[in-house]
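Worksheet for the structure shown next.
Every chain is numbered from 1, with letters handed out A, B, ... down the list of sequences.
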Number of protein chains: 2
Amino acid sequence: MGITERREKEKKEMRGLILETAMKLFLEEGFENVSLRRIADKIEYSPATIYLYFKDKDEILYALHNEGFEKLYALQQTTLDIKDPLKRLWKQGELYINFGLENPEYYNLMFIMRSPAKKICEENQWETGLRSYGFLKDNVSECMEAGLMPMAEVEIATFSFWAHVHGVVSLIIRERCVIIPEEFLPHIIKGSFDFMMEVFKKK
Amino acid sequence: MGITERREKEKKEMRGLILETAMKLFLEEGFENVSLRRIADKIEYSPATIYLYFKDKDEILYALHNEGFEKLYALQQTTLDIKDPLKRLWKQGELYINFGLENPEYYNLMFIMRSPAKKICEENQWETGLRSYGFLKDNVSECMEAGLMPMAEVEIATFSFWAHVHGVVSLIIRERCVIIPEEFLPHIIKGSFDFMMEVFKKK
DNA sequence: TTAATAACTGAACAGTGTTTAGAAAAGGAT
DNA sequence: ATCCTTTTCTAAACACTGTTCAGTTATTAA
């Protein structure tokens with residue numbers, strides 16, 4: 001049945017168009033200033049049409065949240081060519097922080113906003129998030145097994161690492177560091193990450 | 001002029017009533033489900049009346065944000081009886097995390113939400129926040145001067161500490177750790193805080 | 001060409017924050 | 001107690017929001 005097949009493809013294309021347009025608007029104007037009606041306007045459809053492709057607004061946010069995790073995971077993979085697991089972990093932290101600072105809207109969806117998390121909790125679909133977390137955890141445990149860092153519970157060391165980088169990114173993108181002059185920020189970020197990373201070094 | 005004096009007192013009381021009611025509703029039902037109209041209903045005034053006491057909704061959030069910092073600062077003060085600055089710093093971290101987990105709505109206002117931060121940026125009034133940060137920074141620098149922790153830039157060590165505890169609290173209250181069974185959470189939190197705090201110990 | 005199915009939309013609903021014109025209440029002066 | 005002024009309050013409207021649904025238009029099958 002080539003016809004229903006094409007139908008499905010068109011449906012996917014439409015979903016894609018909606019997501020693309022939504023994200024574009026989010027990036028340009030921030031979440032607060034983008035409504036379903038404005039997305040509908042931009043793609044020249046009625047607001048009601050969007051509901052034929054997404055159950056509600058949260059489902060759009062959830063889809064974009066997943067997109068974000070795809071991007072992050074792709075980035076994480078680029079560290080695999082680093083042989084030393086400790087150096088690789090270091091790189092992953094820098095990468096995470098940069099990703100967050102350069103893609104605040106994605107970061108917001110993935111780690112801060114409430115609505116997409118609601119959807120995920122209800123339907124128990126943390127897959128993409130867990131995949132990235134697992135990648136990090138494996139790296140930590142590799143460091144430990146190689147005797148490059150002090151022994152500790154892997155879960156705890158990983159969470160500690162994540163908490164730090166998340167803390168840095170979220171404090172900055174939610175503008176809790178505006179008293180720090182912009183030109184000093186990179187120094188503070190790099191410095192505090194390196195400071196924290198000392199615990200991952202064997203004494 | 002006892003009359004204009006009383007007028008001002010009444011004005012303050014009304015502001016207080018609005019703030020109190022607003023926070024009560026926020027705590028009971030979460031920010032998403034509380035509107036100005038519902039606050040107005042609860043105090044049995046018209047929504048328009050609120051605008052005689054607050055410029056807009058953000059001003060209410062800003063006032064409550066300050067209330068949150070008062071609470072936090074009061075808590076911080078309770079650590080002053082601890083003589084050892086390193087132990088005091090430790091206590092401050094635990095205190096911060098507990099405050100965040102037990103008062104997620106206040107924490108949200110103080111460190112996550114966008115709208116109150118906007119107000120603050122525009123009017124450059126970080127006072128209460130900076131006071132708490134300063135308190136923490138002084139403690140860190142005291143540890144360093146006493147030779148209890150490795151030497152480092154105070155600003156960097158402080159920010160690193162803050163990033164960690166903020167990371168922990170915000171990941172949890174924004175439900176990014178729901179895969180971790182609730183009974184393990186305290187262990188992970190304490191463990192990862194202690195893990196991070198190793199950098200504050202002299203080797 | 002007609003019947004059935006799918007895609008789409010106008011209009012409405014119930015809600016939001018905010019503004020404004022005018023009513024109600026309070027205070028001061030006669 | 002009356003009049004006038006000032007303050008306090010609110011009904012109603014405005015321009016939005018997400019969402020639903022009856023009804024229209026377009027596409028496909030017979």
Side-chain angles (χ1 to χ4, degrees), chain A residues 1-19 21-23 25-26 29-65 109 113-119 122, chain B residues 1-19 21-23 25-26 29-65 109 113-119 122:
Chain A
M1 304 282 122
I3 168 113
T4 57
E5 211 172 87
R6 196 212 58 201
R7 276 253 167 82
E8 262 182 53
K9 206 191 85 187
E10 279 177 355
K11 198 134 194 163
K12 265 191 185 163
E13 276 172 3
M14 185 64 165
R15 273 181 70 102
L17 177 65
I18 293 170
L19 289 177
T21 311
M23 198 64 213
L25 283 175
F26 288 150
E29 334 210 5
F31 285 103
E32 282 81 38
N33 314 305
V34 180
S35 63
L36 280 182
R37 278 176 161 84
R38 292 205 47 215
I39 297 169
D41 272 8
K42 200 99 181 179
I43 58 174
E44 296 184 290
Y45 279 87
S46 134
T49 302
I50 293 179
Y51 286 86
L52 301 174
Y53 298 90
F54 294 93
K55 209 193 107 217
D56 53 25
K57 201 187 180 186
D58 279 4
E59 201 165 282
I60 296 176
L61 298 181
Y62 173 66
L64 292 173
H65 138 114
L109 281 167
M113 274 188 77
R114 267 207 173 111
S115 28
K118 239 187 236 165
K119 262 245 137 44
E122 281 161 14
Chain B
M1 304 282 123
I3 169 115
T4 58
E5 210 174 89
R6 196 212 55 201
R7 277 253 167 83
E8 263 183 51
K9 205 192 84 187
E10 280 176 353
K11 197 134 194 162
K12 266 194 185 161
E13 278 172 2
M14 185 64 164
R15 273 183 70 103
L17 178 63
I18 293 170
L19 290 177
T21 311
M23 198 63 213
L25 284 175
F26 288 150
E29 334 210 2
F31 285 103
E32 282 80 38
N33 314 303
V34 180
S35 64
L36 279 181
R37 281 177 160 84
R38 292 204 47 214
I39 298 169
D41 272 8
K42 198 98 180 182
I43 58 174
E44 295 184 291
Y45 279 87
S46 133
T49 302
I50 292 179
Y51 286 84
L52 300 174
Y53 298 89
F54 295 93
K55 210 193 107 217
D56 53 24
K57 201 189 181 184
D58 279 4
E59 202 165 283
I60 296 177
L61 298 181
Y62 172 67
L64 293 173
H65 138 115
L109 281 166
M113 274 189 79
R114 257 192 184 126
S115 27
K118 239 187 237 167
K119 261 247 137 44
E122 280 161 14

Integer-rounded Å distance: [N] [atom2] and [X] [atom1]:
X: B/F54; N: C/dG17; atom1: CZ; atom2: C1'; result: 16 Å
X: A/E32; N: C/dG17; atom1: CD; atom2: P; result: 15 Å
X: B/I39; N: C/dG15; atom1: CD1; atom2: P; result: 16 Å

Discussion item. Across nucleotides 10-20 of chain D, 5' to 3', mark each nucleotide with B, S or - according to how protein heavy atoms within less than 4.0 Å reach it.
Written reply: BB-B---BBBB

Worksheet item: Within a reach of under 6.0 Å around CD of B/E10, are more than 12 heavy atoms found that belong to other residues, nucleotides or ligands?
Response: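 Atom CD in B/E10 is packed in, count exceeds 12.
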
Discussion item. Just checking A/E13: does its CD atom have more than 12 heavy atoms from other residues, nucleotides or ligands closer to it than 6.0 angstrom?
Written reply: yes

Discussion item. According to side chain to side chain contact (heavy atoms under 4.5 Å, CB included), who are the partners of B/Y62, at least two apart in sequence or on a separate chain?
Written reply: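 For B/Y62 the side chain to side chain contact (heavy atoms under 4.5 Å, CB included) partners, ignoring immediate neighbours, are B/H65, B/N66, B/K119, B/I120, B/Q125.
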
Practice prompt. Return yes if some donor-acceptor pair links the side-chain N/O of A/T21 with the main-chain N/O of A/L17 below 3.5 Å, else return no.
Written response: yes

What donor-acceptor contacts under 3.5 angstrom involve side-chain atoms of residues 31-41 of chain A, with partners at least two apart or in another chain?
from  : atom 1 : to    : atom 2 : distance (Å)
A/N33 : ND2    : A/E29 : O      : 2.6
A/S35 : OG     : A/R38 : N      : 3.3
A/R38 : NH1    : A/E29 : OE1    : 3.2
A/R38 : NH1    : A/N33 : O      : 2.9
A/R38 : NH2    : A/E29 : OE2    : 3.1

Discussion item. Assess the residue pair B/R15 and B/E59 against the criterion (side-chain contact (heavy atoms from CB on, under 4.5 Å)); give the C-alpha distance rounded to whole Å, side-chain angles, the decisive distance to 0.1 Å, and a yes or no.
Written reply: CA-CA 11 Å; B/R15 273 183 70 103; B/E59 202 165 283; 4.0 Å; yes

Worksheet item: What nucleic acid atoms does B/Y53 come within less than 4.0 Å of, heavy atoms only: base, sugar-phosphate, or nothing?
Response: sugar-phosphate

